[in-house]
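Written out below as structure tokens is the structure these notes cover.
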Amino acid sequence: MLTQQAYDRLGETVYRTTLANGLQVVLVPKAGFHKTFAIMTTDYGSIDNHFVPRGQTQPVRFPDGIAHFLEHKLFEKEDHDAFDLFGKYGASSNAFTSFTQTSYLFATTSQLHANLDILLDFVQEPYFTPATVTKEKGIIGQEIQMYDDDPGWQSYFGMIGNLYPKEPLSIDIAGTVASIDQITAADLYAAYRTFYHPSNMSLVLVGKLDPTETLDWISANQAKKTFTPASPLQRIASPVTAPDQVIAHTTRYLAVTRPKVSLGIRGYDAVPAGRAGLRYDVSLSLVFDLLFNDTSDNYLRLYNANVIDDSFGYDFLVQRGAHFGQLASDTDNPELFIGEMQAILADVPAQLRTAQPQFELVKREAIGRLIGAVNSVEAIANQYSGPLFAGSTLFDELTILEALQFDDLLPLAQSFFGAGRQTVATILPEGLRNR
């Protein structure tokens, strides 16, 4: 049975249900839209490489990059490729793997039922052989080597590696050429059986759809398949990096023309569970907006002093088991950039009080971005939080943001920045290596 949650002011309704096999289904019809976007997600990402395989009793440490490898291999079947089927029925498809999830998606303006069956079938019918796994190693190895040459990617992962040394989060999502060379077809089946059970997955559709009809299609597809009973996942947690083990600064030399600097702040405070966690995420993101967006006093002062340029960016990320902020820029003066950023972060409460007159403006800008996203079927579907924030949606994020007051930010900012630890990852031009 579908339950409904109406967002009257936005004129939106979210329909939800959980099937008998455990699959969570979320449907968001969009009146007047011609396109439908669907995304099927498993709560399994690159950090989940140590676990007890379903049906076994002992933990196994799997090669780094196996979640991403599995994402690649699911499209290929014994006699066809799922990409070709989507193309036959007029849909575009893709997939991605993050630290904590793997998602498969398609967008279409026609033949929704056929494309939905293709999505459900190719994700739920794995086919791996030693020969096809070996072939894929070459393809993914080339992908890894391309990222090795990407200064932005190396700067980002250099920062994360400093914040989470020896934790799975520090490992590239795709693994390494050496680690993926160890992956076998048996490994892929073990990971698949463990994490691709419907009880660990969600299916979200947004756009042109009839909720009842769409649920009937999904239910009919699932009724044709047999799944083992759901059982608790047993992920093996790695030791947490102590605050004094966070690496303060690293430098790499790559083929860049200007230095790149990424300053990271790791949170050691506790992120609330459920939807309170979404409020925490939205609040800290607004703190970063107040301190660093392109209308802030800090940004304008540093831009006019040529410390930063248009490449400057910032982000705050909450994932399962981790949360951190990032400030990054190309700069001709890395030491000055680092000093200025660290000075701002040294007393965030005072910085926020100085920025308080801009609070309503910055908040309205954030609300405007979210309202713009409400017109994107992709944005709505991709913002579904799954288990991280108890199934919250973009509409919940907007509701939380609208209710936030300036005084709500101070205690959360003090908690995050006060207990946080910083690092700096610098990428310098090769020509400076021996100077």
Side-chain angles (χ1 to χ4, degrees), residues 3-7 9-10 12-18 22-28 37-48 96-103 105 169 195 198-206 232-233 235 237 265-289 315-326 363 366-367 369-371 373-374 376-405 408-409 411-413 415-416 420:
T3 62
Q4 299 181 33
Q5 183 173 3
Y7 297 84
R9 197 179 62 77
L10 295 170
E12 305 281 0
T13 300
V14 177
Y15 297 80
R16 304 169 188 268
T17 194
T18 302
L23 179 66
Q24 295 181 40
V25 178
V26 179
L27 306 171
V28 185
F37 182 83
I39 183 166
M40 190 171 189
T41 297
T42 174
D43 186 22
Y44 168 53
S46 65
I47 68 171
D48 303 308
F96 63 88
T97 305
S98 72
F99 295 121
T100 57
Q101 73 176 62
T102 309
S103 296
L105 55 94
L169 205 73
F195 292 106
S199 61
N200 193 48
M201 303 188 75
S202 63
L203 174 62
V204 181
L205 282 90
V206 182
L233 292 172
R235 309 176 204 261
I265 309 105
R266 173 172 176 163
Y268 274 97
D269 54 333
V271 177
R275 298 198 179 203
L278 179 60
R279 184 176 184 274
Y280 174 93
D281 187 358
V282 170
S283 301
L284 264 296
S285 296
L286 198 59
V287 168
F288 275 84
D289 286 342
D315 194 18
F316 178 71
L317 183 69
V318 178
Q319 294 273 290
R320 170 166 37 88
H323 61 296
F324 59 86
Q326 182 197 20
K363 177 179 163 179
I367 290 172
R369 289 194 296 272
L370 283 178
I371 290 176
V374 168
S376 164
V377 293
E378 292 88 349
I380 295 170
N382 283 316
Q383 285 295 99
Y384 177 69
S385 67
L388 181 61
F389 299 135
S392 301
T393 66
L394 186 147
F395 308 135
D396 298 303
E397 186 174 345
L398 183 56
T399 302
I400 289 171
L401 181 57
E402 288 176 325
L404 273 182
Q405 299 299 313
D408 297 328
L409 303 183
L412 295 177
S415 175
F416 173 72

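Please read all numbers here as calculations on a predicted model, not as lab measurements.
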Closest heavy-atom contact between [X] and [Y]?
X: G277; Y: V271; value: CA-CG1, 4.2 Å
X: A390; Y: S385; value: N-OG, 4.1 Å
X: S46; Y: T97; value: N-CG2, 4.4 Å
X: F416; Y: G325; value: CZ-N, 4.0 Å
X: L404; Y: K363; value: O-NZ, 2.6 Å
X: S283; Y: L409; value: O-CD2, 3.7 Å

Item checked: Full working for side-chain contact (heavy atoms from CB on, under 4.5 Å) between Y7 and L398 -> CA-CA 10 Å; Y7 297 84; L398 183 56; over 6 Å; no
Margin query: List the residues meeting side-chain contact (heavy atoms from CB on, under 4.5 Å) with V26, not counting sequence neighbours, and say none if there are none.
Written below: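 Here the qualifying residues are V14, R16, V28, V204, Y384.
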Item checked: Short side-chain to backbone donor-acceptor contact, T13 and Q5, under 3.5 Å ->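 Pair absent, no side-chain N/O of T13 close to backbone of Q5.
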Note to self: Checking the side chain of S98 only, and the main-chain atoms of Q101 only, is there a donor and an acceptor separated by less than 3.5 Å?
What the structure shows: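 Yes; at least one donor-acceptor contact below 3.5 Å.
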Note to self: Once rounded to the nearest 0.5 Å, what's the spacing between atom CD of Q326 and atom CG of L317?
What the structure shows: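 Separation between the atoms: 9.5 Å.
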Next item on the list: Look up atom CD in E402 and atom CG in L370, then write down how far apart they are to the nearest 0.5 Å.
Entry: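 Rounded to the nearest 0.5 Å, the CD-CG separation comes to 9.0 Å.
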Quick check: do [X] and [Y] have side-chain heavy atoms less than 4.5 Å from each other?
X: L278; Y: D396; result: yes
X: I39; Y: F96; result: yes
X: F37; Y: I380; result: no
X: I47; Y: R320; result: yes
X: V282; Y: R279; result: no
X: F324; Y: L169; result: yes
X: R235; Y: D43; result: yes

Next item on the list: Report the residue from L23, T3, V25 that forms a side-chain contact (heavy atoms from CB on, under 4.5 Å) with T17.
Entry: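 In the set L23, T3, V25, the residue that makes a side-chain contact (heavy atoms from CB on, under 4.5 Å) with T17 is V25.
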Note to self: Would you call the rings of Y44 and F195 parallel, tilted or perpendicular, taking 30° and 60° as the class edges?
What the structure shows: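 Parallel.
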Check: In terms of ring plane angle, is the pair F316 and Y280 parallel, tilted or perpendicular, where the classes change at 30° and 60°?
Finding: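 Because their plane-to-plane angle lies in the 30° to 60° range, the rings of F316 and Y280 count as tilted.
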Notebook entry, point to check: Between the side chains of D281 and H323, does any donor sit under 3.5 Å from an acceptor?
Noted result: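 Not at all, the side chains of D281 and H323 share no donor-acceptor pair under 3.5 Å.
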Notebook entry, point to check: Got a sec, which residues hit salt bridge (charged side-chain N to carboxylate O under 4.0 Å, His left out) with D289, two or more places apart in sequence or on another chain?
Noted result: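 D289 satisfies salt bridge (charged side-chain N to carboxylate O under 4.0 Å, His left out) with R369 only.
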